[in-house]
Amino acid sequence: MNVKEILLDFSKEELRELFTGYGQPSYRAEQVFTALHNNLAFDAMSSLPKRLREELEAQYYTPPVRIVKTLESADGTKKYLFALQDGNVIEGVLMRYKYGNTQCVSTQVGCRMNCAFCASGLNGLVRNLSAGEILGQIAAVNADEGGNTEHRKVTNVVLMGSGEPLDNYGNVVRFLKNLSTKGGLNISMRNVSLSTCGLADKMKAFAEEGLPVNLTVSLHSPFDEERQKIMPVAKRYTIAEILQACDVYFGKTGRRFIFEYVLIAGENDTKRHAEGLISILKGKPCHLNLIRLNEVKERNLRGATDKNAYLFLSMLEKGGLSVTLRRRMGADIDGACGQLRQKYLENGETI
Ligand code: SAH
């Protein structure tokens, strides 16, 4: 298959160079950068000469991500299945809040972390997404919702879909820079959260980039041995190493970090776990988000009961932690990481 280069991978500077090469005036880069972020196909870029559109079409691919299926939950949450140029499929979610709409994007096709509760790792990693394929998810949904680069319908972004963002480091950094460039979607990095399973060395490197995104770490247990059973990657990085990387991040950016904690019945939701969390997190510049497990049928784990979830929350509050229990969204539409893609792969559906 002839796979074309993805034009949405390019920064505005790179587009300037490209169009100079085509003998075009420099304002073409601005026009095309905006058009790409508006999810336009080449033949819809009406401000460009037809000949140039044809030349671009022959060599480049856009939009890089195309919506193939949309599911809407009773609470307004929307789930999307997207197709990529090579036929792979990925998924994303749009959640509606009072302050705006948050889109959850994927950073890889599949994932190699294989966390015990998660659907994304069931078939391993297929490949990394390019910067443009990550950005393209937002461009597609923003346009689908009737937005554009002037009036955005997507205001916040979380890198919490399938994949491990810091396992696709270069493309994710490029994506963040392009996403926050003027003339494009121009979403501030302060409105972006990057969630990692805790690749401590990459977290430290990321702190050095000086990008003001919110750093979120999936913790899921205060004890290394038990964490290893929930997250195999914990065999490579201890909690102490992760906390140290968080301190480095705070030192460099002054930004409080956030821990995610999926409540799994009997596995990590007991008094002992609450005490463990208090002992490692108390006094740190951090916030803890408790998440109800979205049960994945291939994974034999149950979510904590409501009663236990609230009990766990109150123990942590009493212990002095800044903590919230997230309300459940989109559970009726396979809202969690990788669930929709998994169903799609199982059913052997074709696009
Ligand atoms: N690899 C990154 C980002 C993807 S997972 C990470 O590990 O953080 C993003 C968040 O979704 C994580 O906190 C993860 O714990 C949560 N998650 C994944 N599957 C889930 C499920 N079935 N139910 C609830 N939360 C889930």
Side-chain angles (χ1 to χ4, degrees), residues 1-22 24 26-48 52-68 80-92 94 103-109 127-145 147-150 152-154 157 159 161-163 165 168-189 192 211:
M1 179 188 176
N2 172 26
V3 178
K4 294 181 190 169
E5 226 179 319
I6 287 170
L7 206 51
L8 197 53
D9 285 345
F10 286 53
S11 68
K12 209 194 266 184
E13 287 68 36
E14 289 164 342
L15 284 183
R16 270 194 206 109
E17 279 171 40
L18 181 81
F19 285 110
T20 308
Y22 275 99
Q24 290 288 326
S26 65
Y27 62 80
R28 290 282 179 238
E30 306 282 337
Q31 284 179 328
V32 172
F33 191 74
T34 302
L36 294 169
H37 284 237
N38 277 328
N39 209 44
L40 298 183
F42 290 117
D43 60 9
M45 297 184 190
S46 49
S47 56
L48 301 187
L52 179 63
R53 281 187 257 161
E54 285 166 3
E55 279 174 0
L56 290 173
E57 174 95 64
Q59 198 143 1
Y60 300 99
Y61 185 76
T62 213
V65 165
R66 305 188 181 185
I67 297 171
V68 283
Y80 294 88
L81 191 70
F82 303 108
L84 306 176
Q85 185 183 189
D86 64 2
N88 271 305
V89 294
I90 53 170
E91 62 188 68
L94 188 70
Q103 187 176 347
C104 175
V105 298
S106 294
T107 54
Q108 296 178 315
V109 182
R127 69 169 174 87
N128 282 332
L129 294 181
S130 76
E133 288 173 324
I134 306 173
L135 189 52
Q137 297 168 55
I138 305 166
V141 168
N142 187 53
D144 187 58
E145 285 279 303
N148 56 37
T149 50
E150 298 284 310
R152 285 189 309 260
K153 297 288 184 183
V154 178
V157 173
L159 277 62
S162 295
N168 183 13
Y169 190 95
N171 291 335
V172 165
V173 168
R174 170 178 276 269
F175 152 75
L176 291 169
K177 291 180 177 164
N178 288 347
L179 178 70
S180 53
T181 299
K182 284 210 177 71
L185 284 165
N186 195 15
I187 296 179
S188 158
M189 290 196 218
V192 178
L211 306 177

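- The structure places CD of Gln31 at 5.5 Å from CG of Leu48, a figure rounded to the nearest 0.5 Å.
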### Task
Report the C-alpha distance between Asp9 and Ser130 in whole Å, list the side-chain angles of each, state the deciding distance to 0.1 Å, and finish with yes or no for side chain to side chain donor-acceptor pair (under 3.5 Å).
CA-CA 7 Å; Asp9 285 345; Ser130 76; 2.8 Å; yes

### Task
Under the side-chain contact (heavy atoms from CB on, under 4.5 Å) rule, what do Ile134 and Asn168 come out as? Steps first, then yes or no, please.
CA-CA 11 Å; Ile134 306 173; Asn168 183 13; 4.3 Å; yes

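- Heavy-atom minimum distance, Ser180 versus Asn186: O-OD1, 3.5 Å.
- A donor-acceptor pair under 3.5 Å is formed between the side chain of Ser106 and the backbone N or O of Glu91.
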### side-chain contact (heavy atoms from CB on, under 4.5 Å) between Ile138 and Leu179, worked out
CA-CA 9 Å; Ile138 305 166; Leu179 178 70; 3.9 Å; yes

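- Leu81 places none of its side-chain heavy atoms less than 4.5 Å from the side chain of Ile67.
- One finds the CG atom of Leu185 at 5.5 Å from the CG atom of Asn142 (value rounded to the nearest 0.5 Å).
- Judged purely by atom type and a 3.5 angstrom limit, Lys4 uses its side chain to pair as donor or acceptor with the backbone of Glu57.
- Between Arg127 and Glu133, at least one side-chain nitrogen of the basic residue sits less than 4.0 Å from a carboxylate oxygen of the acidic one, meeting the salt-bridge criterion.
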### Message
Between Tyr60 and Phe10, is the side-chain contact (heavy atoms from CB on, under 4.5 Å) condition met? List the steps.
### Response
CA-CA 11 Å; Tyr60 300 99; Phe10 286 53; 4.0 Å; yes

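- Remark: Asp144 does not engage Lys153 in a salt bridge, criterion side-chain N to carboxylate O under 4.0 Å.
- Looking at Asn178, its side chain never comes within 3.5 Å of a backbone N or O of Ala131 through a donor-acceptor pair.
- Classified by interplanar angle (parallel below 30°, tilted 30° to 60°, perpendicular above 60°), the ring pair Phe82/Tyr80 is parallel.
- When all heavy atoms of Thr181 and Lys12 are compared, the closest pair comes out as CG2-CE, 4.1 Å.
- Among all heavy-atom pairs drawn from Gly132 and Pro64, the shortest one is O-CG, 3.4 Å.
- Distance check: Arg53 CZ to Leu40 CG gives 11.0 Å after rounding to the nearest 0.5 Å.
- Without hydrogens or angle criteria, Arg16 side chain to Ser11 main chain gives no donor-acceptor distance under 3.5 Å.
- Taking the side chain as every heavy atom from C-beta outward, Leu36 and Met45 approach each other to under 4.5 Å.
- For the atom pair CG (Leu135) and CG (Asn171), the distance works out to 12.0 Å, reported to the nearest 0.5 Å.
- With salt bridges taken as basic N to acidic carboxylate O contacts below 4.0 Å, one links Glu14 and Arg174.
- Summarising the geometry, atom OG1 belonging to Thr62 is positioned 10.0 Å from atom CG belonging to Leu56; distances are rounded to the nearest 0.5 Å.
- A distance of 10.5 Å separates OH of Tyr61 from CZ of Phe42, quoted to the nearest 0.5 Å.
- Val157 places a side-chain heavy atom less than 4.5 Å from the side chain of Val105.
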### Pair Leu8-Val65, side-chain contact (heavy atoms from CB on, under 4.5 Å): steps then yes or no
CA-CA 10 Å; Leu8 197 53; Val65 165; over 6 Å; no

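- Without hydrogens or angle criteria, Gln103 side chain to Gln137 main chain gives a donor-acceptor distance under 3.5 Å.
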